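Here is the naming used below: chain letters follow the sequence lines, and residue numbers restart at 1 for every chain. Excluded from the calculations below are hydrogen atoms, water molecules and symmetry mates; all remaining heavy atoms, backbone and side chain alike, are included. Note that the structure is a prediction, hence the values are computed from the model and not measured.
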Amino acid sequence: MSRHELECGVIDNRAVTRDIFLLRLDAHELTLQARPGQFCMLEVGEYAYPLLKRPFSIHDVPDENEIEFIYRVAGKGTAMLSRKRAGDSIRVLGPLGNGFGWNQSRHPVLVGGGLGIAPMLFLARIISEKGLIKPVVILGARSSAELVSLEAFKAIDCRLCLATEDGSLGQKGFVTTLLQEIVGDSEADMVFSCGPMPMLKAVYEIAVKASVSCEVSLEAQMACGIGACLGCAVKSADRSSGQTGYLHVCKEGPVFDGADVSWN
Amino acid sequence: MSRHELECGVIDNRAVTRDIFLLRLDAHELTLQARPGQFCMLEVGEYAYPLLKRPFSIHDVPDENEIEFIYRVAGKGTAMLSRKRAGDSIRVLGPLGNGFGWNQSRHPVLVGGGLGIAPMLFLARIISEKGLIKPVVILGARSSAELVSLEAFKAIDCRLCLATEDGSLGQKGFVTTLLQEIVGDSEADMVFSCGPMPMLKAVYEIAVKASVSCEVSLEAQMACGIGACLGCAVKSADRSSGQTGYLHVCKEGPVFDGADVSWN
Amino acid sequence: MELIQQPDLSVNIAGLELANPVLLASGTCGYGAEVADLVGLSLYDSVPGGIVVKGISLKPRLGNPPPRLAETPCGLLNSIGLENVGVEVFLEQKLPWLRSVNTAVIVNILGNSVEEYAELASLLNVAGVDALEVNISCPNVREGGVAFGADPEMAARVTKAVRNASIKPVIIKLSPNVTDIAVIARACEEAGADALSLINTLLGMAVDIKKRRPVLANVFGGLSGPAVKPVALRMVWQASRAVNIPIIGIGGISSWQDAIEFFMAGAVAVEVGTAVMVRPSVVQEIVSGIGQFMEETGAFDVCSMRL
Amino acid sequence: MELIQQPDLSVNIAGLELANPVLLASGTCGYGAEVADLVGLSLYDSVPGGIVVKGISLKPRLGNPPPRLAETPCGLLNSIGLENVGVEVFLEQKLPWLRSVNTAVIVNILGNSVEEYAELASLLNVAGVDALEVNISCPNVREGGVAFGADPEMAARVTKAVRNASIKPVIIKLSPNVTDIAVIARACEEAGADALSLINTLLGMAVDIKKRRPVLANVFGGLSGPAVKPVALRMVWQASRAVNIPIIGIGGISSWQDAIEFFMAGAVAVEVGTAVMVRPSVVQEIVSGIGQFMEETGAFDVCSMRL
Ligand SMILES: Cc1cc2nc3c(=O)[nH]c(=O)nc-3n(C[C@H](O)[C@H](O)[C@H](O)COP(=O)(O)OP(=O)(O)OC[C@H]3O[C@@H](n4cnc5c(N)ncnc54)[C@H](O)[C@@H]3O)c2cc1C
Ligand SMILES: Cc1cc2nc3c(=O)[nH]c(=O)nc-3n(C[C@H](O)[C@H](O)[C@H](O)COP(=O)(O)OP(=O)(O)OC[C@H]3O[C@@H](n4cnc5c(N)ncnc54)[C@H](O)[C@@H]3O)c2cc1C
Ligand SMILES: Cc1cc2nc3c(=O)[nH]c(=O)nc-3n(C[C@H](O)[C@H](O)[C@H](O)COP(=O)(O)O)c2cc1C
Ligand SMILES: Cc1cc2nc3c(=O)[nH]c(=O)nc-3n(C[C@H](O)[C@H](O)[C@H](O)COP(=O)(O)O)c2cc1C
Ligand code: FES
Ligand code: FES
């Protein structure tokens, strides 16, 4: 574990759709440590308003100096973040969390829905570049505009499958339909997924049916991001009869074996 | 009384010394109402942090569209203000307060020390342009760098007398020395002053000795700026046996007859 | 075409008729005239549903020495000390203007003794005063003030005395500086309060480390603003479950969303204080926002939003 | 050349030796290992003067259901509900690591009854535990918790029981959710407390207006962070004038200036909670800043800053 609290310079922070932004930070201290599926806590305003840093998945580490995040303006904090400009600096704590267990898989299927696309780019890159495996990457969103970072995905050696709810790009419908097909007729041995809870649940159920193990990246309101406050609890599945009935997203996660999560 | 709560566009906001900034706002609604000595409350951050708007004297109204402020970065709020850039907007409440009674004077002497220079530019301009009188303007600061807006003062038809504590421009010493001389051998009938309390006290005492009436612009911590909270009280002189023993800077002031103020 | 029922923003609090549930809180809007142009108080169609004027005492008060204000993170400390013109001047010089404005006028009163409260109440049995708000919770005066609000028995005595002396709806304004708000709320209800309003300010302080002394000349002051909202909401929730009389929610409200939180917690109206001082236009935003939210969610009146 | 005396940052609180007066507050730093790298806990020369570990109970606790956190203006609501590993696991698995670190270790304890507090205290009469902090003020557990802290008699009973059972310095941690902090403080002093720490969190709540329910599954939570600092300072001022035992100040401290405010108000040490979670490096900043301020103002020790 080697994590840092740093001031990072903003290289660029620009809208890629009306309300989705790509943030590029100068953070070579973080790039060497970062693993796909990990996240960082970003200070979006001036301390103490808003009080808490916000968690964002590492979207990509294109080179050893730069770390990227992709975020939707969801509220006050992300609105403030969206006003940062090149030359500003942002306080960052990271990299945090466990990351995906991609190196246990020989035929990985990545499933990102909505802003759940965020961690999939870095994951696909590492699987392809470090694991020398060509992953299947299924991405979905409401419409083509929200299928962000497509060019970056295309530059990676992966099999890219797209779905949009309005049919404006790729298959019309949900990622789960694509996943169903792919898991059915491929040698997929693991699914890695990030997105809204209902999607993750559906993804997990498809994986279970296909007897493929499934890792999901969860969200929770966070305060510390480092396992100190126990605030980011989510219910664990009954079968995981460990010490507690809760999982802590920032520390034991954000990536969990779907079997450990309570899906109700 | 015609005051407004507005979003004003920032035309420019730049450092004129290391820690003094000139802020130019696009605010034609305010320019027509503004009187010299009045102030505005400026929202320096995002509501609710910092919670309160900050009071700043109207430095100048160069034309009917623009209003200027000059401020020192004194703490958190002014530091945030200093980061506003052209194109940003700032919420403004104003113009507020009473202003100087310049039209009761035929031979006015203006005395501004430190950032007390702020209201003197607009006052000098109006006296000269509206009153068709050439005022004496005494400005003082620690050093020449802090004698801000000199070019603007020079462009006004006034008699400009300067003092710096380090002698880097004008007379070495304090504005009070200059005032002493000028009040002594001129037909000065009123002094208008703004600056730190010890200076104002000295200015007032000089004026009293010379039997010249003296208006001073005071500061106090403010919340509302409009006479609603009664927070900005300062002690009044005993002789002003009005309803209360306090004056309210935002409403009865910020400009007071020196005789009404408690100088202890 | 769908028929959309306009939501009804009006509320009736024990006979106090409000066109909408957004009031200006006591001490933050003077006697109304100070803020009229900025918040929209006028002859017709005023923006706020009512105004609670600055706390009035029998005799004029000078208030506390300055400094009286200190800013804190998302909060404001004040130690005004109830500077006010006294009931006589209020009736002669302030009430006539208030009468001319189309909004409910609630007079906040503060006495040094139970008898003074009663005397104030009877002096205010005049046209143009729509209700009384009894301040048993001001932390900034030594005698009376917070002591009444901290003790259920004293709170009940004041309530009874004012209830007996007044022909107006009587709202008791509670202090948050207590161990159990429900106990005080019930004591006031049993003593005859028509409604409760809460919270007044939390007792706080700040230190000026450069000058090596408390920032406020009075040492302690009352904390208001967004910082106190979570405490206020909790107390409104507790009080509204402890009594059957209406609750007016106060504390840190700065947006229509904040107001809705209070309605959901159990308030039937809200008072906005600090936020109005900082951003007078917020009153209009809050009133409109509540209406829009009710329309969108199909709430037919304010009370129906309660959780 | 002037001879500048280095200020002495060390404090001794009833036998508890601290290298400096900045402690990590309970519940915001886990059992230490979670934050060690970021706050500078290490074998030699740790940055904080001490660590107060997460509240420990006799049996492990699962804590409250999520959501457990809500952000408020300059504040944080939490309803963790004292999730902890229990005293047995603490002694076996957490204390050994803490022993290896060069900082004072204070164990925060919470019982459901007076007897449980005493039992916890005696189980913690072991090497490596430098003091106990007795949490009679947690708002997030139903039995015990806040009830003990709200009543002077109960507070005294817990204090006495722990004092008798423990061979360590006993710090009683007070709740701010009381009418008169001085009364509780005196009750604890008389019952044998070696020191007091305050404040724990203010009871608060937030409402999710979209989901139409309280944000926290537990409805209420404890408010911490800069928002509560004015209340905390006021209570430290009051408590330090009510008793003769040392006071540890807690509540919203986020900078060295905040810490100095607490020293001036009467604290001899401070705990930093929420700010450490958000900005772990703040601990170093606070420790350095205090030293520099003391040097510049010629304060020879922390106590001498008291107003
Ligand atoms: C591990 C993790 C990774 C994430 N990665 C991304 C990402 O790559 N891109 C992206 O756009 N978003 C991501 N999110 C969600 C993101 O953190 C929230 O959208 C953001 O915090 C909202 O902040 P706000 O101030 O704009 O919203 P507000 O609604 O104003 O926030 C209020 C509070 O809610 C919290 N909050 C709101 N929504 C969420 C949420 N979904 N999860 C956690 N906290 C929330 C905020 O931290 C804040 O304290 C991630 C969340 C987690 C937990
Ligand atoms: C009528 C009036 C006119 C003013 N005109 C000018 C001007 O033209 N140029 C200029 O540089 N300054 C002026 N000031 C002072 C200016 O308002 C303060 O410097 C500023 O508010 C400091 O804010 P801050 O957040 O940077 O400082 P902080 O110290 O962080 O502020 C903390 C709190 O103190 C208040 N405060 C601090 N100093 C003062 C002060 N001197 N007066 C009133 N409140 C204060 C702030 O409003 C804030 O609430 C004026 C003050 C008044 C009352
Ligand atoms: C400057 C100021 C003066 C106040 N004066 C009074 C008063 O006279 N009587 C009263 O009952 N409450 C008074 N209050 C309390 C407010 O009415 C209100 O209860 C409190 O500020 C919380 O609401 P807010 O957070 O919206 O300001 C005052 C508050 C402030 C900030
Ligand atoms: C997430 C969280 C967990 C806490 N857990 C405990 C606890 O277990 N025992 C305790 O005595 N106080 C606990 N507290 C209270 C803090 O120790 C501290 O008293 C309070 O947060 C105020 O300080 P702050 O504003 O610096 O955070 C907790 C606070 C937070 C925010
Ligand atoms: S956010 Fe603090 S433990 Fe996870
Ligand atoms: S600042 Fe409110 S009355 Fe002057």
Side-chain angles (χ1 to χ4, degrees), chain C residues 70-77 139 146 149-151 175-181 184 201-210 212-215 219-223 225-238 252 254 256-265 293 297 305 307, chain D residues 70-77 139 146 149-151 175-181 184 201-210 212-215 219-223 225-238 252 254 256-265 293 297 305 307:
Chain C
E71 195 187 41
T72 68
C74 292
L76 172 66
L77 285 167
V146 82
D151 177 30
S175 166
N177 303 298
V178 298
T179 307
D180 191 344
I181 196 79
I184 313 271
T201 51
L202 276 168
L203 196 59
M205 78 175 285
V207 175
D208 187 326
I209 64 171
K210 281 197 201 118
R212 301 181 59 83
R213 64 172 194 225
V215 174
V219 183
F220 298 156
L223 183 66
V228 310
K229 197 188 71 171
V231 175
L233 263 175
R234 183 261 298 181
M235 289 192 163
V236 164
W237 177 281
Q238 290 176 316
S254 310
W256 65 264
Q257 291 92 337
D258 292 341
I260 304 288
E261 284 195 70
F262 277 84
F263 298 139
M264 290 190 172
F293 180 84
T297 59
M305 286 188 273
L307 296 184
Chain D
E71 195 187 41
T72 68
C74 291
L76 172 67
L77 284 166
V146 82
D151 176 29
S175 166
N177 303 298
V178 297
T179 307
D180 191 343
I181 196 78
I184 312 271
T201 52
L202 277 167
L203 196 59
M205 78 175 284
V207 175
D208 187 325
I209 66 171
K210 282 197 202 120
R212 302 181 58 81
R213 64 172 194 224
V215 175
V219 183
F220 298 157
L223 183 65
V228 310
K229 196 187 72 171
V231 175
L233 262 176
R234 182 262 296 182
M235 290 194 162
V236 164
W237 176 282
Q238 290 176 316
S254 309
W256 63 264
Q257 290 92 336
D258 292 340
I260 303 287
E261 283 195 70
F262 277 83
F263 297 139
M264 289 189 172
F293 180 85
T297 59
M305 287 188 272
L307 296 183

Begin with the C-alpha distance, continue with both residues' side-chain angles, and end with the deciding distance and a verdict on side-chain contact (heavy atoms from CB on, under 4.5 Å) for Q238(C) and R234(C).
CA-CA 6 Å; Q238(C) 290 176 316; R234(C) 183 261 298 181; 2.9 Å; yes
Should K229(C) and T72(D) be marked as a side-chain contact (heavy atoms from CB on, under 4.5 Å) after you check the CA-CA gap, both sets of side-chain angles, and the distance that decides it?
CA-CA 8 Å; K229(C) 197 188 71 171; T72(D) 68; over 6 Å; no
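Among L233(C), V178(C), I209(C), the residue with the largest count of heavy-atom pairs under 4.5 Å with chain D is I209(C). Ranked by non-hydrogen atom pairs under 4.5 Å with chain C, the options V231(D), D208(D), L77(D) are led by V231(D). Between chain D and the residues G252(C), P73(C), A227(C), the most heavy-atom pairs under 4.5 angstrom are made by P73(C). Comparing G204(D), G75(D), A232(D), P176(D) by how many heavy-atom pairs each has under 4.5 Å with chain C, the most go to G204(D).
Heavy atoms closer than 4.5 Å to chain C are found in both the backbone and the side chain of I260(D). Proximity to chain C (any heavy atom under 4.5 Å) is restricted, for F293(D), to the side chain, taken from C-beta onward. Proximity to chain C involves both the backbone and the side chain of P214(D), based on heavy atoms less than 4.5 angstrom apart. Heavy atoms of L307(C) lying under 4.5 Å from chain D belong exclusively to its side chain. Using a 4.5 Å cut-off between heavy atoms, V236(D) does not touch chain C at all.
P230(D) and L223(C) make their closest contact through CG-CD1, 3.9 Å (heavy atoms, listed as atom of the first residue, atom of the second, distance). Smallest separation of non-hydrogen atoms from A70(D) and V215(D): CB-CG1, 3.7 Å.
For S254(C), the side-chain hydrogen bond (donor to acceptor under 3.5 Å, both in side chains) partners are Y47(B), not counting sequence neighbours.
How far OG of S175(D) is from CG of L203(D): 8.0 Å, rounded to the nearest 0.5 Å.
A distance-only check finds no donor-acceptor pair linking the side chain of N177(D) to the backbone of D180(C) [under 3.5 Å].
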